[in-house]
Protein chains: 2
Amino acid sequence: MSSQLAEETRERVLRAAGEVFAERGFRDGTVRDICGKAGVNVASVNYYFRNKEALYFEALSFAFAEAEERYPFDCPEGEGVTPAERLRHFIRNFLMRLLDDTHLGWHGKLITREILSPTAALVPIVDSIMRPRFDAVRRIVIQLVPHRLDDDSLERCVLSIFGQCLVYRHARSVIDQMRPQIVAGPEDREATAEHVFRFVLAALTHLPPTPGI
Amino acid sequence: MSSQLAEETRERVLRAAGEVFAERGFRDGTVRDICGKAGVNVASVNYYFRNKEALYFEALSFAFAEAEERYPFDCPEGEGVTPAERLRHFIRNFLMRLLDDTHLGWHGKLITREILSPTAALVPIVDSIMRPRFDAVRRIVIQLVPHRLDDDSLERCVLSIFGQCLVYRHARSVIDQMRPQIVAGPEDREATAEHVFRFVLAALTHLPPTPGI
DNA sequence: GATGCTATTAAACATTCGTTTGAAGCGCAA
DNA sequence: TTGCGCTTCAAACGAATGTTTAATAGCATC
């Protein structure tokens, strides 16, 4: 029977693993680093998880679950909310999460690494977490574009929206070197979110119809 | 005196290093892998370069130089070219490079890794290669937006453009799992480039003025 | 208090990897 | 040919790392 204390130890290792893997990657993040940060013996990894790889899988799932919990995907779908308001809400929510480096920053770093070097762990994450958001944004796009779009154009619109948010995380090192002021403070981030919203809204509402459809 | 043969060996190691580092990252890409692929002895790394880290630096610079050579940044600046045509040209050129997996794909992968986990090698690359492109796109944006933009909004517009292109590389694994058809064939990639161009053009030409400026 | 299961520990093991070493190969000039 | 400098090689070294082991401690139950 696993005690309450053991469960706490397990979660401490899981959290330390997430932070270490996020900062240094799977290979560079050593078991000794993780256990040192968690304050446990190195054998704990083998005791609680099978090995380092299984620990990585669980840490990734744990990070996603915790990120979902703290930054819930609350895209208002009610009747009284206009599509533009839903769009603004989504973009701000998503961007704030991506730009957050302080308390929850390692989740995003870890996920970014996983996307760049995908393992088998990515498949269920894409299906269970990313796809619903993709679908929600697609519904917003359909409502905002004044004419019908073919399926591929629709997907590309959604990707254009995600891309404008994701660049602030993926190219963060370049931004910090070239234009640090646009993401420096909270008010700058709000302004960035507002910009992305206006940029997307202008594009969607004025997108020309695809010829031949 | 270094012979012609030695120079070829050096470059073979450099190229193999770029491919291996791109595929597996700095830490996972072993010296033995690189030398095996290059068909040379492991001691060659220490002979031609100082050590693995110095090899990585040189491989990164080499990759950038070769990518610049094969995909030259030829943004037409002449009088007779409209800003919209320059934008289309830039986006297509940039996107095709990002989506190219075949002969030159490892350059982009390597650079993406470096941006995510930046080392000291990134600073000169940003200054010498990325900044000029950023500046060129900014000049195009100024010409396309019908009113004056403050500096920060201008930077964010440029980032919106880059982000819409970069997402096709950074989130490639997710796209491949969710919507592979939009980047599958050459004609799909052309359609993607055209979409990004139209999306950006619609946004820039209809972007509302920032209040209070 | 004895017993048995769980949790934790220090130490060691086996492997991998970057790096070094010393010798051998090779081209070329004297 | 001989000698010399540049290049390549096989082998080994030392450090780091994932994993295992066997012993110890903690703790609930009887």
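The sequence lines fix the lettering, A, B, ..., with proteins before strands; numbering per chain opens at 1. Side chains are part of it too, since the values below use all heavy atoms of this structure and drop only hydrogens, waters and symmetry mates.
- Every residue two or more places apart in sequence or in another chain that forms a salt bridge (charged side-chain N to carboxylate O under 4.0 Å, His left out) with A/E19 is listed here: A/K37.
- Dashed line: the shortest gap from a side-chain N or O of A/T9 to OP1 or OP2 of C/dA7 is not under 4.0 Å.
- The aromatic rings of B/F162 and B/F134 lie parallel to each other, with less than 30° between the two planes, well short of the 60° mark.
- We find that OH of A/Y56 is positioned 15 Å from P of D/dG18, with the value rounded to whole Å.
- Distances shorter than 4.0 Å separate none of the side-chain N or O atoms of B/Y47 from OP1 or OP2 on D/dC9.
- With sequence neighbours excluded, no residue satisfies salt bridge (charged side-chain N to carboxylate O under 4.0 Å, His left out) with B/D152.
- Salt bridge B/R88/B/E194: present, at least one basic N to carboxylate O contact under 4.0 Å.
- Considering every non-hydrogen atom in both B/F197 and B/A84, the closest pair reads CE1-O, 3.2 Å.
- The shortest heavy-atom contact between B/R97 and B/A67 is NH1-CB, 3.7 Å.
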Reading 5' to 3' through nucleotides 17-22 of chain C, protein heavy-atom contacts under 4.0 Å coded B for base, S for sugar-phosphate only, - for none: BBBBB-

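- Look at OH on A/Y48: it is 18 Å from P on D/dT19, rounded to the nearest Å.
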